[in-house]
Amino acid sequence: MNFFLRVIDTTRILAKSLRALLRGRASTREIWSQLYEFGNSSIGIVVLCVTFMGIILISEYSFHMKLVIGNDSMIPGFAMILLIRELAPIVGALLITSKMGASIAAELAAMKNTEQIDAYRLLGLDIIELYVAPRTLASAISAWALATISLAIAVLGAWFSAVVFLNFSTGPFFQSLFIFVSSGDLVLMSVKALIFGSCIPAISAHYGLQASFGAEGVGHATTDAVVGNSITIIVMDFVITYLYAVASS
Amino acid sequence: MSLRLKALNEHLMFFWSLVVRMPQLLTERREFLRQFADVGLRSLSTTVTAGIFTGAIMALQFHLQLKDFGAESVLGGLNTSGTIREVGPILIAFMLAGKVGAFTSAELGTMKVTDQIQAVRCLGIDPISFFVVPRFWAVALNSILLLVFGLVISVIGGLMAVWVVAGINPDQYLLMIARFATTESLVLAISKSIVFGLLMGHICCANGYWTEGGTQGVGLAVKKTAVQSMVSIVLADFLVSWGVEFIVRSGDWL
């Protein structure tokens, strides 16, 4: 299957599940249980990863700022803006990909192998409406919530490390933070997280539904889904950042 | 002993058994070379894509931030140094963990649940030296090389992004790289690559080798590999940054 067919098929799945959501065909109970699966089960690692990245960013920026302008009063603003605009949505989405995206692809591939998908079709049920649509909504909401929560804790972690290791005091830290960070950055972060989150189930479902026969097919579908998701996330991030750069200048 | 300490102990023992069996690579060199070429060729395109876009995204962000201060002239140095020290290794390692790590642990896990590993043991051959050691060193060495390669590619990606989007003179960009990307940054980038490579190789082999219970177990092993690699990469990133800075600082003090 070539690249364009993959893109077209993924878009078809995404459009179909969005339409099902808009028409209210997705089951509410399934959405709630998927919200638990996507959000609650990965909040620990997302918070851990983003917080550590915040702490590392603060120390790295202090190194660079001292090198360039010889003072480090602007570090919090600079470092946190990078965390908000790029790292919180990307890292959150990558972790959701490797946890939930992989399992969606594996589950669908296994269902295809055991002919359950054909059985659903025979009953007149649509697997995308039934299975992918609730996950699309749950994944979009969880990606956004995970990015927001982990960002809040990461800012606290960065503040702590700045006070302890870099001899900052609390006032200047938050002053510099609020000079640089505007509500537009939070909107950009939310847009990114929502877009990444809603694409993950569609891409994984595409790889799962295209899986070839046997246990090896399931394995390949899982790996390909993780890789396809990661590449798509980073490319979309570039496109959104580029559009933002063009719009803001 | 608590459960977590026990798991850590098992991981350390497994890693040690892989390191001790390194001479076995000579007897298994055909398998090792095959795996090495296989893993490298399969993940080259992922590395190149991840590298180019990581560099480009970081360059655009730095450009947005520096533009307000009129400090665009230092963009090349800051972007390159920031990318290869911090964000580049993490993002490229995340991609590689999804690609190489997941595949290797799925492969080893399938061998385990279909009793191929037991069969080899019945023949009187040590399954760790036969199956795991070539894979571990193939994945680890490949990841190290690919990470360094990806970082080089990310410099090119950043250069292209600012050249095309922001219209910055590429000569000046390249000049600034030499001024800001110091030896310390290079040491940090390479030591991060080595640590991440060894970590990814170990985690995917251990989870694959310890797989239990049918095809669902294989799925679980793959999931575990991805999550454990990401968390340990972030933690290792913190420790390596701190350690290298500590060493450099104590060197200054002497």
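Each chain gets a letter, A, B and so on, in the order its sequence line appears, and its residues count up from 1.
- Residues of residues 175-189 of chain A that come within less than 4.5 angstrom of chain B, heavy atom to heavy atom, are A/Phe180 in numerical order.
- In this structure, A/Ser103 OG and B/Lys223 NZ are separated by 4.5 Å, a value rounded to the nearest 0.5 Å.
- By number of non-hydrogen pairs under 4.5 angstrom with chain B, the leading residue of A/Val235, A/Val246, A/Asn229 is A/Val235.
- With a 4.5 Å cut-off on side-chain heavy atoms, B/Asp237 and A/Met53 do not count as touching.
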Steps toward side-chain contact (heavy atoms from CB on, under 4.5 Å) verdict (B/Met95, A/Val227):
CA-CA 7 Å; B/Met95 302 272 163; A/Val227 175; over 6 Å; no

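- Residue contact with chain A, scored on non-hydrogen atoms closer than 4.5 Å, is absent for B/Ile233.
- Counting heavy-atom pairs under 4.5 Å between each of B/Met230, B/His63, B/Met58 and chain A puts B/Met230 at the top.
- Contact of B/Thr54 with chain A is made through backbone and side chain together, with heavy-atom distances under 4.5 Å.
- Only the side chain of B/Glu86 comes within less than 4.5 Å of a heavy atom of chain A; its backbone N, CA, C and O stay farther away.
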Report the C-alpha separation of B/Leu60 and A/Tyr244 in whole Å, then their side-chain angles, then the decisive distance to 0.1 Å, and conclude whether the side-chain contact (heavy atoms from CB on, under 4.5 Å) test is met.
CA-CA 10 Å; B/Leu60 283 184; A/Tyr244 181 80; over 6 Å; no

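- Atom-to-atom distance recorded for A/Leu95:CG and B/Phe94:CZ is 5.5 Å, nearest 0.5 angstrom.
- In this structure, A/Phe165 CZ and B/Trp242 CH2 are separated by 8.0 Å, a value rounded to the nearest 0.5 Å.
- Contact between A/Thr223 and B/Phe103 at its shortest, heavy atoms only, is CG2-N, 3.8 Å.
- When each of A/Leu48, A/Leu82, A/Thr222 is scored by its heavy-atom pairs under 4.5 Å with chain B, the top score falls to A/Leu82.
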Steps toward side-chain contact (heavy atoms from CB on, under 4.5 Å) verdict (A/Val218, B/Val218)
CA-CA 10 Å; A/Val218 179; B/Val218 178; over 6 Å; no

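- Proximity to chain A is limited to the side chain of B/Glu184, based on heavy atoms less than 4.5 angstrom apart.
- For A/Leu243, the side chain to side chain contact (heavy atoms under 4.5 Å, CB included) partners at least two apart in sequence or on another chain are A/Val239.
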Could you go step by step and tell me if A/Leu87 and B/Val87 meet the side-chain contact (heavy atoms from CB on, under 4.5 Å) rule?
CA-CA 9 Å; A/Leu87 292 174; B/Val87 181; 4.1 Å; yes

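- Using a 30° and 60° split on the angle between ring planes, A/Phe52 and B/Phe238 fall in the perpendicular class, above 60°.
- A 4.5 Å side-chain heavy-atom check between A/Leu94 and B/Leu91 finds at least one atom pair inside the cut-off.
- Rounding to the nearest 0.5 Å places NZ of B/Lys224 at 12.0 Å from NZ of A/Lys99.
- Within a 6.0 Å sphere centred on CD of A/Gln116, other residues, nucleotides and ligands contribute more than 12 heavy atoms.
- If you measure heavy-atom distances from A/Ala245 to chain B, the contacts under 4.5 Å come from both the backbone and the side chain.
- The distance from the CD1 atom of A/Ile231 to the OG1 atom of B/Thr46 is 5.0 Å, given to the nearest 0.5 Å.
- Looking at B/Ile90, only its side chain comes within 4.5 Å of chain A, counting heavy atoms on both sides.
- Interatomic distance, A/Thr241 OG1 to B/Ile57 CD1, rounded to the nearest 0.5 Å: 5.5 Å.
- Contact count against chain A (heavy-atom pairs under 4.5 Å) is highest for B/Val165 among B/Thr110, B/Thr225, B/Val165, B/Leu188.
- Looking at B/Val231, both its backbone and its side chain come within 4.5 Å of chain A, counting heavy atoms on both sides.
- With chain A as the partner, the residue from B/Val222, B/Leu235, B/Thr114, B/Leu220 showing the most heavy-atom pairs under 4.5 Å is B/Leu235.
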